[in-house]
Amino acid sequence: MAAVQNVLVVGGGAVGAATATLLADAGVSVDLVEITPDVTALGSGITLQGNALRVLRQLGVLDECLALGYAADQLVIRAPDPAGTVVARVAEHRSGGPDLPASMGMYRPDLARVLVGRAERAGVEVRFSTTLQELTQDDSGVDVRFTDGSTGRYDLVVGADGLRSWTRRLLDVPLETRSVGMGIWRVFAPRPAEVVSSEAVYGGPCYIAGYTPTSEESLYAFLVEDAQDRTTVTDEEKLAIVRRLAGAYGGPWREILASIDDPSAIHYTWFEEHLLDAPWHRGRVVLVGDAVHTCPPTLAQGAALGLEDAAVLAEVLTGADDLDDDLLAGFAARRLPRVREVVEASLQLARWQLAHEQGDVPALMGRIAQLTSAPA
Ligand SMILES: Cc1cc2nc3c(=O)[nH]c(=O)nc-3n(C[C@H](O)[C@H](O)[C@H](O)COP(=O)(O)OP(=O)(O)OC[C@H]3O[C@@H](n4cnc5c(N)ncnc54)[C@H](O)[C@@H]3O)c2cc1C
């Protein structure tokens with residue numbers, strides 16, 4: 001028997017949906033509340049590394065994701081010259097194991113639909129446009145009042161509500177989220193036929209300008225600049241900035257640039273970072289995913305780490321008979337060293353780029369590949 005019989009998951013992102021599914025598969029009754037009205041995710045792409053693919057396989061959705069997405073085993077590095085000269089083709093490490101591709105690009109809304117659909121099929125009761133308003137807990141459970149006026153009592157509440165987690169705030173857990181100093185433009189666009197894996201250009205007007213195929217037809221392109229206040233840019237300005245930045249690069253960027261004409265397919269955000277020290281729980285409420293750790297996507301590991309959180313939490317909860325402080329403390333103790341190392345390495349890469357410093361990137365990448373290859 002699991003340590004919990006009924007659980008509330010707050011947040012229907014990748015981490016919440018995965019946690020809910022794995023618990024429901026083990027016979028736990030799970031409610032999931034998602035504040036948005038529907039399965040939503042920013043209309044951009046995501047790169048899922050081998051350790052994330054391992055969790056997708058555990059969830060039984062890997063084949064569906066691979067059919068929708070675009071798997072690859074190499075990274076192409078190009079020079080910031082007018083021809084976009086290829087300077088290296090780097091074989092990516094298969095951190096999920098030899099039977100999984102090194103990475104997979106995917107359209108975020110596709111991933112969200114697959115994961116929430118899987119949670120619903122597992123029997124998770126998913127409620128949109130709903131969140132928790134307040135919670136009170138005692139030794140045997142958590143009482144929750146929802147924004148629609150309903151109430152519930154749970155053995156455990158899992159806060160998977162992202163970077164600015166409301167659950168974290170309800171628990172009064174202080175955590176400062178800091179800007180890394182970089183901002184990223186992301187564009188969803190058609191895939192030029194010659195782009196068959198992630199490609200990156202270091203230098204030029206951006207720290208990094210790259211793209212990753214997300215399906216046979218599509219890719220997401222990104223341009224990383226100094227963090228700036230872009231909150232008031234108009235659609236026309238958005239297009240002009242992205243065209244100017246992208247226009248500085250050659251090779252497949254030319255074709256991508258020619259297709260950039262829809263401002264609604266362009267998103268801007270800052271790179272931010274935070275990492276909560278252990279414990280990640282207060283009483284019977286535990287936090288996972290971006291709610292406790294976030295880092296610049298320089299290693300494309302944010303969602304991967306969160307999916308690992310989901311798998312480890314489900315394993316811990318379903319492998320014990322009783323929920324107590326030690327069990328949840330053990331969860332964070334198991335996760336924190338690995339998460340800290342990946343967050344630190346992601347930040348180090350960003351710092352080197354900000355300082356225009358070479359740094360020993362291959363050694364850092366090798367260390368993280370080794371780490372993420374081991375079971376979470
Ligand atoms: C620019 C950028 C690029 C990235 N690229 C990659 C990448 O290539 N690969 C990778 O692995 N990671 C990447 N990441 C990181 C990745 O996006 C996150 O780590 C991941 O989405 C975290 O998942 P999550 O489920 O914890 O949080 P989220 O994805 O933020 O999901 C949280 C969910 O909770 C909901 N919610 C919020 N508040 C409430 C509330 N009060 N009540 C109920 N629901 C609520 C939200 O609507 C959302 O659905 C990137 C991040 C950024 C910023």
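One-based numbering, in listed order, for ligands and for the atoms of each. Because only heavy atoms are used, hydrogens play no part in the values below, and waters and symmetry mates are left out as well, while side chains stay in.
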Looking at residues at least two apart in the chain, or sitting in another chain, which of them share a side chain to side chain contact (heavy atoms under 4.5 Å, CB included) with Arg334? Val312, Glu315, Val316
Quick one: side chain to side chain donor-acceptor pair (under 3.5 Å) pairs with a partner in residues 363-376, sequence neighbours left out? His93-Ser373, Glu341-Arg367
Contacts table for residues 105-115: side-chain donor-acceptor under 3.5 angstrom, sequence neighbours left out:
| unit_1 | atom_1 | unit_2 | atom_2 | d |
| --- | --- | --- | --- | --- |
| Arg108 | NE | Gly45 | O | 3.3 |
| Asp110 | OD1 | Arg113 | NH2 | 2.9 |

SB check Glu217 Arg191 (cutoff 4.0 Å): no
Near ligand 1, at a heavy-atom separation below 4.0 Å: residues by chain and residue number: Val10, Gly11, Gly12, Gly13, Ala14, Val15, Val33, Glu34, Ile35, Thr36, Ile46, Thr47, Arg108, Thr131, Ala160, Asp161, Gly162, Trp166, Ile184, Arg186, Tyr220, Thr269, Gly289, Asp290, Pro297, Ala300, Gln301, Gly302, Ala303, Ala304
CD1-CH2 distance between Ile260 and Trp185, expressed to the nearest 0.5 angstrom: 11.0 Å
Is Asp172 paired with Arg282 through a side-chain N to carboxylate O contact shorter than 4.0 Å? no
